[in-house]
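For reference, the structure is listed below as structure tokens.
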Amino acid sequence: MASFQTLPGFRECYPEDLALRSHLFRRWRQAAGVFGFAEYDAPVLEPLDLYRAKSGSEIEAQLFSFTDKGGREVALRPEMTPTVCRLVGARANTLRRPIKWFSIGEFFRYERMQKGRGRCFHQFNADIFGEAGPEAEIELIALLVQCFAAFGLTADDFYIRLSDRNLWFYYLEALGLDEPRARTVLTVVDRYEKNGDAAFTAYTDAFGPLPEDLKARILAFLGVKSLPALEAMLAPLGAEKLAARLAEWRQVLTALDAMGWGSFVTVDLGVVRGLAYYTGFVFEAFDRRGDLRALAGGGRYDNLVKKLGGPDLPAVGFAIGDMTFSLLLEQRGLLPPLVSAPDVYCVIGGAAERLMAFREIHALRAAGVRVEYPLRDLAFGKQFKAAAESGARLALILGGDELARGVVKVRNLGQRSEVEVPRDAVVAHVRDFLAGNG
RNA sequence: GCGGCCAUAGCUCAGUUGGUUAGAGCACAAGAUUGUGGAUCUUGGGGUCGCGGGUUCAAAUCCCGUUGGCCGCCCCA
């Protein structure tokens, strides 16, 4: 046993683990690609102030931060949003709008391990900058659903809870609450699902008891699960802002419905998302069974680019984490068999034949065929066993008899049949076979 | 930062009231097998029983500490 342990919360990634992760990345990348998002990357290590500026100094407790040899306070990135805001902000004037970007990267948070949460993890991040209207939300939520559907997940497996901080503020304003009170109500809402009535102490402590009729109307708002119910509840209030905002809700939901994805999205004002920089629609993706933590989360953050020193640029984005997502795929049996098999395994007669075999091996590899061969001389029996165990579909038999006649045998390992092929025709033969059975 | 449970081979786990040199299955490797298959048989490598201390004639086993893991709380960008 090695005397050096992995750091707590960090995970080693053996080939089979990486095969799974790469599979996720491949599908996400493909989804982003067809939606016209451009991939970017950025440093893993950032100035600590970047996160202080966005989230306040209490965030430091959750960061891997230290002082580097130049005396700079730095932190391993815990999220992508501040970074991408800086990138976009710096070139905002030259980038064609809308700016649709995505990335896949590793993030670090100094936290206690839990199911679906570690100290390092990967996220798929997608953001749209420069579009203030709900069209950006439509595009982004559509991409989010696509990122899940690409794995065979259906509306029976997950759903997206769509909420809106603006609607909350307009509603609470119509109920007569000022902004400080409204903000506190939102923190209550954020915790209500977990803590129940106890969540209201946050409000009581700051402003005294909340009148019962107000509390009832807040809870009724929380209970809304559909657009018609939402409209019915808000219509009597008659506020202009509410009516305008409801039109945007209709726009988002009818668009997603038109894509055939209406069943994935639920109106759910219980989602407000902890940090206060979200400025409009917010959404989270959850497992339908409800035994996993959030699968993805996002929302609009129109003030953040400017707050981080860039121009005034509206933005909306989301992130999917790999850990909970992997758990979901595993639970639903949607992990593909991530076998890593060669196309062709070479069975080689001996030392002299090995030298000759390198011609075929190289030619096949140059043609893009995945070829394996035993690195040491082995008895034929062993080699056939190795060929079978490798998962290859073809064995190339390069024995003394064959090579002396200028041919090799190509054995179909599945059907246990063999044909002799002239050496010059091997590449074409193998390629045809693989294409034909592809 | 707090709480509960746990720690024996690469993996899954046995291991008696404390008792000789700590075991099995799977996996891996070699041979049987010098030109045709995933089988079988034989054999082998692999362990500071997480680590440190204590009790004892004797500790994987009991006690204390510590590290790590799992699960939850806080938090969740």
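Letters A, B, ... are given to chains in the order of the sequence lines, protein chains preceding strands, and every chain is numbered from 1. Remember, predicted model here, so these are calculated numbers, not experimental data.
- Interface remark: the A/E402 side chain does form a donor-acceptor pair with the B/G35 base, using a distance-only criterion of under 3.5 Å.
- Listed pair A/R393 / B/G37 fails the phosphate criterion, with no side-chain N or O lying under 4.0 Å from OP1 or OP2.
- Atom CD in A/E106 sits about 17 Å away from atom C1' in B/A77, given to the nearest Å.
- Centroid-to-centroid, the aromatic rings of A/F64 and A/Y110 come within less than 6.0 Å.
- Contact record, A/A53 with A/L308: CB-CD2, 4.0 Å, taken as the closest heavy-atom pair.
- Nucleotides B/U8 and B/G23 place their C1' atoms 10 Å apart, quoted to the nearest Å.
- Scanning atom types as modelled, one donor and one acceptor separated by under 3.5 angstrom connect the side chain of A/R293 and the base of B/C76.
- Side chain A/E418 to base B/U36: a donor-acceptor pair is found below 3.5 Å.
- When the side-chain nitrogen and oxygen atoms of A/R191 are compared with OP1 and OP2 of B/C75, one or more of them lie within a distance under 4.0 Å.
- Note on A/P78: a base of the nucleic acid sits closer than 4.0 angstrom, heavy atoms only.
- Annotation for A/L144 and A/A296: closest pair CD1-CB, 3.8 Å, computed over non-hydrogen atoms.
- Computed from coordinates, the A/Q114 CD to B/C5 P distance equals 18 Å when rounded to whole Å.
- With hydrogens and angles ignored, a donor-acceptor pair closer than 3.5 Å exists between the side chain of A/R117 and the base of B/C76.
- For the pair A/L63 CG and B/C76 P, the interatomic distance rounds to 13 Å; values are reported in whole Å.
- Nucleotides B/A39 and B/G25 place their P atoms 16 Å apart, quoted to the nearest Å.
- The base of B/U36 sits within donor-acceptor range of the side chain of A/R411, with an N or O pair under 3.5 Å.
- Counting atom types as modelled, A/R273 pairs no side-chain N or O with a base atom of B/A77 as donor and acceptor under 3.5 Å.
- In the set B/G38, B/A30, B/C73, B/A30 carries the atom at the smallest distance from any side-chain atom of A/R376.
- Between the CG atom of A/L295 and the C1' atom of B/C76 there is a distance of 14 Å, given to the nearest Å.
- Close to B/C75, at under 4.0 Å from its OP1 or OP2, lies no side-chain N or O of A/K194.
- Distances were taken from every side-chain heavy atom of A/A388 (C-beta onward) to each of B/C75, B/G3, B/G38; the shortest belongs to B/G38.
- Heavy-atom minimum distance, A/D164 versus A/L269: N-CD2, 4.0 Å.
- Protein atom CD1 of A/I320 is 15 Å distant from nucleotide atom P of B/A77, rounded to whole Å.
- Within the nucleic acid shown, A/G298 has no heavy atom closer than 4.0 Å to any nucleic acid atom.
- The listed nucleotides are B/G72, B/G38, B/C74; the one nearest the side chain of A/K115 is B/G72.
- Spacing between B/G38 and B/G45 at atom C1', rounded to whole Å, works out to 23 Å.
- At the heavy-atom level, A/G381 lies nowhere under 4.0 Å from the strands shown.
- Taking atom C1' on both nucleotides, B/G15 is separated from B/U21 by 15 Å, rounded to a whole Å.
- Residue A/K409 places a side-chain atom within donor-acceptor reach of the base of B/U36, judged by atom type and a 3.5 Å distance cut-off alone.
- For the C1' atoms, the distance linking B/A27 with B/G46 amounts to 12 Å, nearest Å.
- At whole-Å resolution of the value, CG in A/L48 and C1' in B/A77 are 14 Å apart.
- The separation of B/C6 from B/G44, taken at their C1' atoms, amounts to 33 Å, rounded to a whole angstrom.
- For the residue pair A/S390 / A/E372, no side-chain donor-acceptor distance below 3.5 Å is found, with atom types taken as modelled.
- A/N195 places none of its side-chain heavy atoms less than 4.5 Å from the side chain of A/T201.
- Among the atoms of the strands shown, none is found under 4.0 Å from any heavy atom of A/R77.
- Looking at the side chain of A/R112, the nearest of the listed nucleotides B/G37, B/C2, B/U34 is B/C2.
- Each of A/G399 and A/G116 lies near RNA chain B, and the nucleotide nearest A/G399 is the one positioned closer to the 5' end.
- A/F107 places its CZ atom 15 Å from the C1' atom of B/C76, with the value rounded to the nearest Å.
- Residue A/L413 places its side chain closer to B/G37 than to any other of B/A77, B/G72, B/G37.
- When ring centroids are compared, A/Y373 and A/F358 come within the 6.0 Å threshold.
- For RNA chain B, each stem of at least three Watson-Crick or G-U pairs (distances under 3.5 Å) is given as range with range: B:1-7 with B:67-73, B:10-13 with B:23-26, B:28-32 with B:40-44, B:50-54 with B:62-66.
- Contact annotation: the side chain of A/F148 never approaches that of A/D157 to less than 4.5 Å [non-hydrogen atoms, C-beta and beyond].
- In this pair, A/F380 lays its aromatic ring flat on the base of B/G35, centres within 5.5 Å and planes under 30 degrees apart.
- Once rounded to the nearest 0.5 Å, the distance linking CG of A/L256 with CD1 of A/I160 reads 8.0 Å.
- Between A/W168 and A/F221, the distance separating the two ring centers is shorter than 6.0 angstrom.
- Separating the P atom of B/G65 from that of B/G4 is a span of 12 Å, rounded to the nearest Å.
- No side-chain N or O of A/Q251 forms a donor-acceptor pair with one of A/E137 less than 3.5 Å apart.
- Nucleotides B/C5 and B/A77, compared at atom C1', are 31 Å apart to the nearest Å.
- Remark: P of B/C75 and CZ of A/R119 are 18 Å apart, rounded to the nearest angstrom.
- As judged by a 4.0 angstrom heavy-atom cut-off over every strand, A/G400 is placed among the base-contacting residues.
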